Novice: 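My questions all concern the structure below.
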There are 2 protein chains.
Amino acid sequence: MSQNAGHGMVTMNDVARLAGVSKMTVSNVVNNRDGVGDVVRQRVLEAIRRSGYRVNVSARTLKSGRTGVIGLAVPEIGLPYFGHLAAHVIEAAGRQGFHVSIEQTGAAAAGEADAIAHSRTLHFDGLILSAVALDRPDEQLGDAGYPLVMLGEQDFGGRFDHVAMPNEEGTKAATAHLADQGCRRIAIVTGRVLDDVNMVTRRYRGYLAALAERGLDADPPLLFPLNDASMEAGRDAACRMVDSGLEIDGVVAVTDTVALGVLRGLADRGLRVPGDVRLIGFDDVPESRFIVPSLSTVAPDHRWMAERAVELVAERIRAPLRPTGRYVAPFELMIRESTR
Amino acid sequence: MSQNAGHGMVTMNDVARLAGVSKMTVSNVVNNRDGVGDVVRQRVLEAIRRSGYRVNVSARTLKSGRTGVIGLAVPEIGLPYFGHLAAHVIEAAGRQGFHVSIEQTGAAAAGEADAIAHSRTLHFDGLILSAVALDRPDEQLGDAGYPLVMLGEQDFGGRFDHVAMPNEEGTKAATAHLADQGCRRIAIVTGRVLDDVNMVTRRYRGYLAALAERGLDADPPLLFPLNDASMEAGRDAACRMVDSGLEIDGVVAVTDTVALGVLRGLADRGLRVPGDVRLIGFDDVPESRFIVPSLSTVAPDHRWMAERAVELVAERIRAPLRPTGRYVAPFELMIRESTR
DNA sequence: TTGTACGCGTTATCAT
DNA sequence: ATGATAACGCGTACAA
C-alpha cells in the first residue's frame, strides 16, 4: 500500500514502517536469517504479504556483485538441437539457483564475440557459449577468470573450460556402422573443412579414420559441402550428390538437422532410405525417432553436457583461477530404420 | 587496472581518477551526453579502454527502476514451435532494446503462475506468457498495470493484452481444405476438450464448423485425444485411430509436432500419406517443409506475433493503464504433399 | 564545462 | 533480539 516516490515500488523501508521495525529486521526475515523473534517475524511477514513487497534484485545485486544470471549463447534457438540443449541448460541452471539469459549469435564470429562482451557488460555471473565460428577469442577475453564455458563445438585448446561433443569418436562410430551394414561408398555431407579447431574438421577426421580402418577409400573425395547446417542446405547437398552420378550407398550427415534435409533431397531424386542408400546423423534430436524412416544417429548425452557446463560455471565462480578442464560427453549410437 | 575493494570491479570512480576528472564527466561520456570537451572526452574514453570499465547495469537499474529485460515463458523451449517463436521474440525485443530471459513452464498451470511471480520478483520490465494451462491468473495478477502479454494460446477474455493464433479460422480452413481434396471422413487428433478458453477447444470448434459447412458429420466423434502435444502422443493417437477400425480418409492434427507423430503412427500401421489418408497440421514449423511427405499446415505469421507481443509490452510500459487489446495473427494455408 | 551532494533498495558491521 | 549507519555504483539536480 504505502509506496515510495521513486518508481511506485514497495521497499523494505515501507515494510519496516508498516511492521514497526527497522529495515534491517525486514532484511533478516526476508533472507531467513535467525536472530529474529517469532512475534516480530510474523509481524513482518504479514506486512510483506499486505504490502505486496518483493525484494529488489538490482539492489541486492549492487551489494553482492552477483546477478544470479548466466548467459547462454547459441547460434539460433529455433534449431531443434539448440532448443533442446537450451532446455537442459535452463533446468540445470535452475537447480543451481541461476537464471538463464539466451543470446543468439547467428552462427557468426561477430555474434559470438558480441555475446561475450554482452555477457560481461550485463554482468552475467558466467557465460556458456556454444561457439561454431569464433576461432580466436583471445582479445575479447580480457579477464582470464571470467566464467566462460565453451559448449559443444569449437575447441580452443585448453584456454577455456570446455564441454566437448564426441565429434571424432562419434562420427567414426557412425561411419564404421555404415560399413558394418555393407556400405562400400560412403559419402559425407558437412560444412567446409577450414581450420583445426572446427567441429566440422573433427567430424570429418572421424569419418576418414573409420574409412581407413575398414580399408575403404574416398577417392574422389565423397565430400558434399554445406554453407550452413540447415535442412535446406542438406537437401541441396543431397541433390548435388545424386546429380554427381557418383556411386554412393551410405551417407554420414554432420547433424540430424542436415540429415533431415538430406532425406528430403534423396526423396526428391527418387532414392529410398535405407533401400538405395543408408543415412546416419549426429545429435539425436527428438524428431529423429519419429520421422519416416527413423534416423540412425550419434546420441551425445545432452543432459550430461548441460549439467557439466553449468557446474563448470559454478566452480569457476568459486575459484576463478583454477586450471581449465576439458570434458567429452559420452555418446551412444542409436540404430534406427535409416541404416537397417 | 585500478580496482575497487568491493568485488574486483572497475567503477566510474576508478575511471574518473584515472582520467583526472569527476565521475560525473565519465557518466556523461558513457551516455554520449554533450557538455564534455573533446580533449576530456578522449581522455576519458582512453581511461575506459585501459581500465576495462563497464557500466554496472544493476546500479543503473536501481536508479531507473527498469531492468531492460523482458521475460518469455513458454512450455518447453525444446519443442520446435516454441524454439522458433522464441527466436523471433528475442530478435524483436533486441530491436526495441530489451533482453529476453526465458522461463520454461512445463505446460503446467503451476509453472505458468510461477513464471508470472518470478517475472515480477526479478523486476522484469514485462512478461510474454505463452500460456497453455493457466485458466484464471487473477490472483497472481495483483498489479493491473504490469506489462503481461499473453501469446498464442489461452484467451482470458480481455483481461490482458493478447496476441492470438487464428485457432478457429485456421483449423476451419485446414478442415475445409481436406474436404476440398475429397475427404469425407475427417478425424481430428487433439488434446482433451476441457473448457472455453482452451486453444484445443477453439481448434476443435473450427474443425466442427468446417464439417458442418460441408455437410460432413463426425458421428461417432472422430476425435482422438492426446495427453500432451508431443510427437509420441501423436503417434499413439494415430495407432489408436487405425486400430479403431473406423473408416477415415483425412486427419487434422492440432499441431505440426503432433502431426509428425501421427505420420509416424500411420507408417507403423502401414498406411500411406496422402495415398490412404491425408494429413494436415498447424504451426508450420521449419521441419514441415522438409519431411517426407512434406506437411500441409496452417502457417500463422510467427514473426508478426513476436513483434506484436514485444510492441504491446513496450506500449504498456509507456502507458500502464491503457485498455487491453486482442490481436489475431494472420495465417496462410500451406498446401504440401500430405494433402495432395 | 565540470564538480558535489544525495538518493535508489539492500546488506554488513557494529552497537545497543 | 533489534536498530543505526555506512557502503555498493550510478544518475539527477544543482552549484560552481
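Values reported hereafter were calculated over all heavy atoms of this structure, with side chains retained and with hydrogens, waters and symmetry mates removed. This structure is a prediction, so every number in the text was calculated from the model and none was measured. Proteins get letters first, then strands, A, B, ... in listed order; numbering begins at 1 in each.
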Novice: Ignoring backbone atoms, establish whether Arg60(B) has a side-chain N or O less than 4.0 Å from OP1 or OP2 of dG11(D).
Specialist: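 Checking Arg60(B) against dG11(D): at least one side-chain N or O falls below 4.0 Å of OP1 or OP2.
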Novice: Between dG11(D), dC8(D), dT11(C), spot the one nearest the side chain of Asn31(B), thanks.
Specialist: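 Taking heavy atoms from C-beta onward, the closest nucleotide is dG11(D).
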Novice: Please name the pair of heavy atoms, one in Phe160(B) and one in Leu148(B), separated by the smallest distance, quoted to 0.1 Å.
Specialist: CE2-CD2, 3.6 Å
Novice: Among the nucleotides dG11(D), dT11(C), dG3(D), which one has an atom lying closest to any side-chain atom of Val21(A)?
Specialist: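 Nearest to the side chain of Val21(A) among the choices is dG3(D).
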Novice: Salt bridge between Glu315(B) and Arg318(B), side-chain N to carboxylate O under 4.0 Å?
Specialist: no
Novice: Could you check if a side-chain atom of Ser58(B) sits within less than 4.5 angstrom of a side-chain atom of His123(A), using non-hydrogen atoms only?
Specialist: no
Novice: Which whole-number value in Å describes the distance from Asp34(A) CG to dT2(D) P?
Specialist: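 Spelled out: CG on Asp34(A) to P on dT2(D) is 12 Å.
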Novice: Which of these nucleotides, dC10(D), dA13(D), dT13(C), is closest to any side-chain atom of Met24(B)?
Specialist: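 Looking only at side-chain atoms, Met24(B) lies closest to dA13(D).
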Novice: Between Asp14(A) (CG) and dC8(C) (P), how many Å, whole number?
Specialist: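 Those two atoms, CG and P, are 10 Å apart.
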Novice: Without decimals, in angstroms, what is the distance between Gln42(A) CD and dA1(D) P?
Specialist: 16 Å
Novice: When you check the phosphate oxygens OP1 and OP2 of dT2(D), does a side-chain N or O of Thr25(A) lie under 4.0 Å from one of them?
Specialist: no
Novice: Does dG9(D) have OP1 or OP2 under 4.0 Å away from a side-chain N or O of Thr11(B)?
Specialist: no
Novice: Which of the following nucleotides, dG9(D), dT10(C), dG11(D), is nearest to the side chain of Ser27(B)?
Specialist: dG11(D)
Novice: Within the structure, does a side-chain N or O atom of Ser64(A) lie under 4.0 Å from either OP1 or OP2 of dT10(C)?
Specialist: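 No, Ser64(A) has no side-chain N/O under 4.0 Å of OP1/OP2 on dT10(C).
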Novice: For Asn28(A), which contact category applies under a 4.0 Å heavy-atom criterion: base, sugar-phosphate, or nothing?
Specialist: nothing
Novice: Between Leu62(A) (CG) and dA7(D) (P), how many Å, whole number?
Specialist: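 The distance from CG of Leu62(A) to P of dA7(D) comes to 14 Å, rounded to the nearest Å.
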Novice: Using atom CD1 of Ile48(A) as one end and atom P of dG9(C) as the other, report the distance to the nearest whole Å.
Specialist: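 Between P of dG9(C) and CD1 of Ile48(A): 16 Å.
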Novice: Any side-chain heavy atom of Arg120(B) within less than 4.5 Å of one from Arg54(A)?
Specialist: yes
Novice: Need one value for Val36(B): base, sugar-phosphate or nothing, where a base atom within 4.0 Å counts as base even if backbone is also close, heavy atoms only.
Specialist: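 Sugar-phosphate contact only - Val36(B) comes under 4.0 Å of backbone atoms but never of a base.
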Novice: Report the residue (Lys23(A) or Val39(A)) whose heavy-atom-nearest nucleotide on DNA chain D is the more 5′ of the two.
Specialist: Val39(A)
Novice: Answer with base, sugar-phosphate or nothing: what part of the nucleic acid does Gly35(B) contact at a heavy-atom distance below 4.0 Å?
Specialist: base
Novice: Any donor-acceptor pair, under 3.5 Å, between the side chain of Lys63(A) and the base of dA7(D), if you only look at N and O atoms?
Specialist: yes
Novice: Whole-Å distance between dG3(D) C1' and Arg33(A) CZ?
Specialist: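 Going from Arg33(A) (CZ) to dG3(D) (C1'), I get 14 Å.
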Novice: What is the separation between atom CG on Leu122(A) and atom C1' on dC10(D), rounded to the nearest whole Å?
Specialist: 15 Å
Novice: Regarding Arg66(A), tell me which of base, sugar-phosphate or nothing describes its non-hydrogen contacts under 4.0 Å with the strands shown.
Specialist: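 The answer is nothing, as Arg66(A) stays clear of every strand by at least 4.0 Å.
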Novice: Under 4.0 Å, heavy atoms only, any strand: does Arg41(A) hit a base, just the sugar-phosphate, or nothing?
Specialist: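 Contact class for Arg41(A): none.
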Novice: Measure the distance from NE2 on His123(B) to P on dC8(C) and round it to the nearest whole Å.
Specialist: 15 Å
Novice: Would you say a side-chain N or O of Asn13(B) is under 4.0 Å from OP1 or OP2 of dG9(D)?
Specialist: no
Novice: Select one nucleotide: of dC10(D), dG3(D), dT4(C), the one nearest the side-chain heavy atoms of Ala59(B).
Specialist: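 Looking only at heavy atoms from C-beta outward on Ala59(B), the closest nucleotide is dC10(D).
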Novice: On a heavy-atom basis, which atom in Ile70(B) and which in Val313(B) lie closest, and how many Å separate them?
Specialist: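 Taking Ile70(B) first and Val313(B) second, the nearest heavy atoms are CG2-CG1, 3.9 Å.
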Novice: Are Glu311(B) and Arg308(B) ion-paired here, with the side-chain N under 4.0 Å from a carboxylate O?
Specialist: yes
Novice: Does a nitrogen or oxygen in the side chain of Ser22(A) sit under 4.0 Å from OP1 or OP2 of dT2(D)?
Specialist: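 Result: no.
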